[in-house]
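In what follows, chains are A, B, ... by sequence order, proteins preceding strands, each numbered from 1.
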Amino acid sequence: MAIPDVKEKWTGKINEVTIGATKDQGGTRGKTITVGGQTTLPFLNFEGEIPNKPVIAGFVSDTPPDWPDVIKNAIGKEINSPVEWAQKNIEQFKCDLISLKLIGADPNVKDASPADCAKVVQDLLKVVDAPLIIWGSGDDEKDNHVLPECSQAAKGENCLIGSAKESNYMTIVAICKADKHKIISEAPVDINIGKQVNILLQDAGYELKDVVMYQTTAALGYGFDYVYTILERARIAGLKGDKLMAMPQICDVAGETYRVKEATSEEDALPGWGKLEKRGPMWEAMCAGGYLQAGSDILILAHPQAIKITQESIAKLI
Amino acid sequence: MILIGERINAGFKDIKEAIQKKDPDPIKKWARIQTDAKATYLDVNLGTASNKPEDLAWMIEVVQDTVDTPISIDNNKPIMLQEAMKVCKKPPLVNSTTAVEEKMNALFPIVAEHNASIIGLVMDESGSPSTADKRVENAAKLFEKAMEFGLGPDQLFIDPIIMPLNCMQEQCPEILNAVSQFKLFSDPPVHIVCGLSNISTGAKYTKLINRTFITMLIAQGLDAAILDVTDGEMIDTILTAELILNKTIYADGYIEAFKKS
């Protein structure tokens with residue numbers, strides 16, 4: 001008896017989004033990065049096309065993040081300079097692109113001015129020629145001033161700008177249309193709001209083919225479970241032909257990993273959990289591995305070991 | 001939901017006249033209106049206006065000159081279909097065959113050859129079925145034969161045959177019962193379609209009856225319908241039913257989003 005063909009036949013296709021613009025395209029990047037374009041679930045090459053592999057964006061922030069010293073030391077002293085950190089991410093850690101988070105702009109951190117933030121973007125673009133993702137501080141009010149200046153400073157570079165939410169999407173659409181950038185649409189672990197934000201972006205005249213979805217990220221327990229499920233469900237909807245869900249997806253794995261106690265506490269606080277030096281990057285890499293399976297196209301990572309393990313996983317699975 | 005626009009049909013006076021006078025405008029008008037209303041297929045029916053294959057081909061070409069929505073050829077004569085198929089730019093949906101052996105043997109090869117799809121009515125030599133069991137039996141015949149000719153489940157649309165509520169009320173539960181069983185034939189399942197307006201023929205509250213019935217059919221697995229795609233409340237009801245069945249993902253703006261899609 002012949003073995004029945006149980007392959008899934010999807011009718012939809014995930015949008016292809018290209019980040020970065022070379023000289024010919026009006027920017028100054030040395031290369032561009034394209035994600036998406038799949039006609040099947042992650043790594044199921046036998047079922048459909050996977051024209052672009054998942055990519056790793058190296059985490060960079062304008063102010064060093066509040067992470068344990070062992071993690072920061074593993075990255076190196078370059079963590080104190082966004083430009084040098086970005087360079088190290090590309091040259092030594094072999095990341096595909098850079099994800100810059102302007103945490104220093106947060107009024108509760110350093111309250112850096114929009115001009116200071118734009119300067120960081122400019123300096124980084126001058127020295128590093130990889131495509132760039134730019135995030136605000138997370139403080140909506142402040143970001144409404146910070147992101148327009150940063151967007152302008154990167155005009156024509158086809159950056160990916162984060163993030164558009166229900167509360168601020170008009171500003172993000174306006175700057176990204178004016179300065180020719182791509183948009184990250186964000187929802188708080190809520191697939192319905194995720195879809196609604198995409199509808200709002202479309203209503204505001206922004207093309208959904210230029211959008212990457214962000215369902216925030218979690219690095220532990222139920223949070224991880226929820227985000228994983230949403231990424232997977234959104235991907236299946238996109239493959240079934242729901243054009244409002246057919247976007248590539250991004251996860252901030254490093255940013256979230258080093259917020260959970262289990263990945264930041266030393267062994268003396270968590271007896272039996274092993275050395276943080278090893279546990280931190282392991283935690284980061286395992287999260288990344290999970291999200292790869294769920295349908296994440298861009299993973300933001302920081303620890304060199306986590307980056308290396310994830311690169312190897314992608315190479316093996318693709 | 002696969003929406004098949006019913007309006008380009010010589011049963012309507014403007015279309016009948018258009019065919020007789022070879023006036024493309026009414027056909028173009030309805031091709032545009034129904035496409036704007038998000039029809040997946042446009043049913044094209046020559047009715048009693050003509051029996052010439054070239055007239056059917058002309059109607060299809062008029063539609064295709066106006067929009068790129070795929071055609072549902074509403075004709076079951078092999079000679080007519082052969083001609084009509086040739087002019088279709090996209091694989092059409094043939095409407096329809098019955099579960100009569102001779103009919104299936106004549107139509108399925110044409111459908112397979114053009115990689116098209118076909119609606120199968122669950123009636124046989126003895127006419128329209130009156131029970132759920134008979135409907136399922138005829139649907140199984142259609143399914144088996146279609147597979148024999150190499151059609152995939154997604155190329156077969158089974159129609160349970162809708163009877164009017166006002167004179168054959170006892171048929172409604174039989175239809176719903178049958179529909180729930182069609183989708184068990186295969187995985188992925190066949191499509192399930194109906195000519196919706198039959199349910200309200202001769203009744204007073206036609207639109208309400210149509211809307212209520214399609215909701216119940218969708219709950220049983222129906223995923224296609226020949227209907228008035230310009231009936232906004234009907235389309236909103238269908239979109240909502242699909243959400244409630246968790247077939248699509250909810251967002252506050254789902255109605256507006258569909259209209260803009």
With a 4.5 angstrom heavy-atom cut-off, which part of A:Leu244 approaches chain B: side chain, backbone, both or neither?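 The side chain, not the backbone.
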
For B:Ala84, enumerate each residue passing the side-chain contact (heavy atoms from CB on, under 4.5 Å) test, keeping only those at least two apart in sequence or located in another chain.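 Applying side-chain contact (heavy atoms from CB on, under 4.5 Å) to B:Ala84 gives B:Leu56, B:Ile60, B:Ile73.
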
Taking 3.5 Å as the threshold, show me the donor-acceptor pairs across chain B and chain A, one per line with distances to 0.1 Å.
{"residue": "B:Asn246", "atom": "OD1", "partner": "A:Arg233", "partner atom": "NH2", "Å": "3.1"}
{"residue": "B:Ile249", "atom": "O", "partner": "A:Lys195", "partner atom": "NZ", "Å": "2.7"}
{"residue": "B:Tyr250", "atom": "O", "partner": "A:Asn192", "partner atom": "ND2", "Å": "2.7"}
{"residue": "B:Asp252", "atom": "N", "partner": "A:Gln196", "partner atom": "OE1", "Å": "3.0"}
{"residue": "B:Gly253", "atom": "N", "partner": "A:Gln196", "partner atom": "OE1", "Å": "2.6"}
{"residue": "B:Lys260", "atom": "NZ", "partner": "A:Asp203", "partner atom": "OD1", "Å": "2.9"}

Would you say B:Met216 has more than 12 foreign heavy atoms packed within less than 6.0 Å of its CE?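 Atom CE in B:Met216 is not packed in, count stays at 12 or less.
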
